[in-house]
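Following: one structure in structure tokens, then a few remarks.
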Amino acid sequence: MPIKNIPIKIIPLKKLLLVGAGHAHIGLLRRLRGTPLINADITLISEQPQSIYSGMLPGWMAGHYILDDIRIDIAAQCKQAGVHFIQQPIVKIDAKSQRVMTADDYDHSYEVVSLNTGADTDMHWLNNADTNNADTNSVIAIRPLHSFVNQWSQVLATAQRSAHYQLAIIGAGAAAIELVMAAQVALQRIHPNHQVFLICGDVLLAGFNQKFRHRVIKQLNRLGIEVIYERAIAYQNGTLITERASLQQSFLMDAVIAATGVTGAAWTASTDIATVDNGFIAVNALQQSVSHNNVFAVGDVATRVDKDVAHSGVHAVHGGAVAADNLLTFMVDQNKPLQSYQPKNRTLYLLSCGDKYAIASWGSVSLQGRWVWYLKRYIDKRFVNAN
């Protein structure tokens with residue numbers, strides 16, 4: 001009996017492009033190692049082959065970790081997950097033609113794209129200076145983290161050669177608090193005359209309850225950190241200029257670090273994907289672009305338009321898990337329902353205080369002690385070293 005020629009239906013590979021190597025994409029790579037996505041050609045584009053874990057950065061600054069302790073090898077993770085890795089910064093995303101352009105003038109096409117590039121440090125406060133000589137290049141921005149790591153090493157090297165080094169950290173959030181305490185511990189280990197200042201504007205730790213703020217202020221005092229409740233407006237010729245009630249003051253500083261929140265990544269100025277608030281990708285509760293349903297974004301690069309969700313590592317991790325589920329579901333069947341990311345009413349924050357001491361915040365409850373620091377270390381190392 002002759003064999004009939006039965007046509008074989010070939011299912012083409014779907015092209016998934018992961019742009020950036022933030023918390024969400026690291027989690028997705030780890031999931032793909034165990035359960036590879038069938039019929040998918042996946043590529044990850046990142047400017048750096050390794051990712052610095054922000055949660056452990058202050059501990060590294062204070063000398064509790066070596067750099068390898070806080071880095072995640074993205075290139076190796078991609079290889080283990082069967083994902084192509086391209087080391088290039090991106091410069092433009094054209095969602096209409098479904099292409100991502102990198103700095104090497106190469107276009108990368110996609111069917112579905114996920115954005116997890118992080119964001120840039122908000123430096124708009126420098127624009128408030130009543131001067132044309134503001135030395136913007138001399139201000140050290142906390143982001144991108146790989147650049148900051150190199151600059152912090154230079155700060156320590158300069159402080160080693162000085163008998164009286166003064167450093168200012170600009171910011172009023174939890175990140176700035178952790179940085180200033182880590183910096184004070186590190187610099188005073190070099191020389192007791194070295195001093196770190198926190199320039200925080202009118203309000204410190206807005207969004208946290210009074211009890212937590214009181215605990216933080218006590219730790220700042222314990223470490224001898226001077227808090228200046230004024231707005232920084234310029235840094236020039238080694239002088240930091242601040243303003244309060246229209247009165248300007250100046251402080252001699254050897255270096256200034258900006259931990260002043262985030263603004264949209266530079267590449268978002270060259271995209272047709274909908275953005276809000278100075279360049280953040282506008283997403284809905286599904287972590288899906290409001291303008292292009294085959295675009296997903298999570299972490300600091302994105303802003304929810306349906307509700308107020310802070311840019312933080314906590315939401316990057318939890319929101320990233322939901323975004324990964326939705327991304328994989330969308331790749332398999334675009335008609336299947338996707339799930340929403342609903343942030344919890346109470347979120348656990350663990351704030352390190354420089355010298356292996358930490359404060360925990362859980363809603364209205366706050367605790368502190370060395371045991372909190374070791375709890376934070378356990379959680380952080382579990383994320384970095386996860387298999």
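Note: hydrogens, waters and symmetry copies are ignored here, and every other heavy atom, side chains too, is used.
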Problem set entry | From Gln219, Arg222, Gln188, residue fulfilling side chain to side chain donor-acceptor pair (under 3.5 Å) relative to Asp355 | Arg222
For this session: Taking atom types as modelled, find out whether Asn293 and Gln288 have a side-chain donor-acceptor pair closer than 3.5 angstrom.
Result: no
For this session: Check the pair Ser114, His25 against side-chain contact (heavy atoms from CB on, under 4.5 Å), reporting the backbone distance first and the verdict last.
Result: CA-CA 8 Å; Ser114 176; His25 284 173; 2.8 Å; yes
Exercise. Roughly how far, to the nearest 0.5 Å, is the CD1 atom of Ile45 from the CE atom of Met101?
Worked result: 10.0 Å
Exercise. What's the shortest heavy-atom distance between Leu179 and Ala259, and which atoms?
Worked result: CD1-CB, 3.7 Å
Seminar exercise, completed: Rounding to 0.5 Å, atoms CG (Asn209) and CZ (Arg215) come to a distance of 9.5 Å
Exercise. Within the side chain of Ser51, is there an N or O that forms a donor-acceptor pair under 3.5 Å with the backbone of Ala21?
Worked result: yes
Exercise. Does Ser291 use its side chain to pair, donor to acceptor, with the backbone of Ala274 at less than 3.5 Å?
Worked result: yes
Exercise. Hey, is the main chain of Gln339 close enough, under 3.5 Å, to the side chain of Asn326 for a donor-acceptor pair?
Worked result: yes
Exercise. Judged by modelled atom types alone, do Trp373 and Ser352 share a side-chain donor-acceptor pair under 3.5 Å?
Worked result: no
For this session: Would you check if the distance from the ring center of Tyr349 to the ring center of Phe212 is below 6.0 Å?
Result: no
Exercise. Is there a salt bridge (Lys or Arg N to Asp or Glu O under 4.0 Å) between Lys381 and Asp69 once you walk through the steps?
Worked result: CA-CA 8 Å; Lys381 293 186 74 171; Asp69 291 333; 5.9 Å; no
Problem set entry | Gap separating the CD1 atom of Ile228 from the CG atom of Leu198, nearest 0.5 angstrom | 8.5 Å
Exercise. For the hydrophobic clusters of this structure (ILVMFWY residues joined by side-chain heavy atoms under 4.5 Å, transitively), does one cluster hold both Trp152 and Ile52?
Worked result: yes
Exercise. So Gln77 and Arg30, side-chain contact (heavy atoms from CB on, under 4.5 Å) or not? Walk me through it.
Worked result: CA-CA 7 Å; Gln77 298 249 338; Arg30 288 167 175 169; 3.4 Å; yes
Exercise. When you measure from the side chain of Arg33 to the backbone N and O of Cys78, does any donor-acceptor pair fall under 3.5 Å?
Worked result: no
For this session: Please assess Ser364 against Lys211 for the test side-chain hydrogen bond (donor to acceptor under 3.5 Å, both in side chains), listing each intermediate value before the final yes or no.
Result: CA-CA 8 Å; Ser364 61; Lys211 187 175 182 179; over 6 Å; no
Problem set entry | ILVMFWY cluster, Val262 and Phe148 together (side-chain gap under 4.5 Å) | no
Problem set entry | Step-by-step side-chain contact (heavy atoms from CB on, under 4.5 Å) determination, Leu350 to Val372 | CA-CA 7 Å; Leu350 300 173; Val372 179; 3.8 Å; yes
For this session: Quick one: do Asp325 and Arg31 satisfy salt bridge (Lys or Arg N to Asp or Glu O under 4.0 Å)? Show the steps, please.
Result: CA-CA 10 Å; Asp325 285 337; Arg31 288 179 59 179; 2.7 Å; yes
Exercise. Between the main-chain N or O of Pro58 and the side-chain N or O of Glu178, is there a donor-acceptor pair closer than 3.5 Å?
Worked result: no
For this session: Kindly work out whether a path of hydrophobic side-chain contacts (I/L/V/M/F/W/Y, heavy atoms less than 4.5 Å apart) joins Phe296 to Ile273.
Result: no
Problem set entry | Rounded distance [0.5 Å steps], CG in Leu115 versus CD1 in Ile93 | 4.5 Å
For this session: Any chance you could lay out the side-chain hydrogen bond (donor to acceptor under 3.5 Å, both in side chains) test for Asp122 and His124, step after step, and finish with the verdict?
Result: CA-CA 6 Å; Asp122 187 354; His124 288 99; 2.4 Å; yes
Exercise. Side chains of Asp254 and Thr158: closer than 4.5 Å at any heavy-atom pair?
Worked result: no
Problem set entry | Short N-O contact, Lys376 and Asp380, less than 4.0 angstrom | yes
Exercise. Does Val19 reach the side chain of Tyr110, with side-chain heavy atoms less than 4.5 Å apart?
Worked result: no
Exercise. Salt bridge check: are Asp202 and Arg231 linked by an N-O gap of less than 4.0 Å?
Worked result: no
For this session: Answer yes if the side chains of Thr239 and Asn237 hold a donor-acceptor pair under 3.5 Å, and no otherwise.
Result: no
Exercise. Within 45° of the six-membered ring axis of Tyr53 and under 6.0 Å from that ring's centre, is NZ or CZ of Arg377 located there?
Worked result: no
Exercise. Does a side chain donor of either Glu230 or Gln249 reach within less than 3.5 Å of an acceptor in the other side chain?
Worked result: yes
Exercise. Distance only, no hydrogens: is a donor on one side chain within 3.5 Å (strictly under) of an acceptor on the other, for Ser109 and Arg99?
Worked result: no
Exercise. Does Met56 belong to the same Ile/Leu/Val/Met/Phe/Trp/Tyr cluster as Tyr357, with side-chain heavy atoms less than 4.5 Å apart forming each link?
Worked result: no
Exercise. Got more than 12 heavy atoms from elsewhere within 6.0 Å of NZ, Lys96?
Worked result: no
For this session: May I ask you to check whether Phe197 and Phe251 place their ring centres under 6.0 Å from each other?
Result: no
For this session: Determine the interplanar angle of the His108 and Tyr106 rings, folded into 0 to 90°, and report it as parallel if under 30°, tilted if 30 to 60°, perpendicular if over 60°.
Result: tilted
For this session: Kindly indicate, with the supporting measurements, whether the criterion side-chain hydrogen bond (donor to acceptor under 3.5 Å, both in side chains) is fulfilled by Thr121 and Arg143.
Result: CA-CA 5 Å; Thr121 302; Arg143 294 176 184 277; 5.5 Å; no
For this session: Answer yes or no: is there a donor N or O on one side and an acceptor on the other, between the side chain of Thr268 and the main chain of Gly279, under 3.5 Å?
Result: yes
Problem set entry | side-chain hydrogen bond (donor to acceptor under 3.5 Å, both in side chains) assessment of His84 paired with Asp41 | CA-CA 8 Å; His84 308 295; Asp41 178 16; 3.0 Å; yes
Exercise. Out of curiosity, Asn150 CG to Leu67 CG, how far, rounded to the nearest 0.5 Å?
Worked result: 8.5 Å
Exercise. Thinking salt bridges, do Asp107 and Lys92 make one under a 4.0 Å N-O criterion?
Worked result: no
For this session: Look at the side chain of Glu111 and the backbone N and O of Lys15, then say whether any donor-acceptor pair between them is shorter than 3.5 Å.
Result: yes
Problem set entry | Check: Val298 main-chain N/O paired with Asn116 side-chain donor or acceptor under 3.5 Å | yes
Exercise. Checking His292 side chain against Ala95 main chain: does a donor-acceptor pair fall under 3.5 Å?
Worked result: no
Exercise. Is the backbone N or O of Gly224 less than 3.5 Å from a side-chain atom of Gln195, with the two atoms forming a donor-acceptor pair by type?
Worked result: yes
For this session: Kindly check if the number of other-residue, nucleotide or ligand heavy atoms within 6.0 Å of CG (Asp105) is above 12?
Result: no
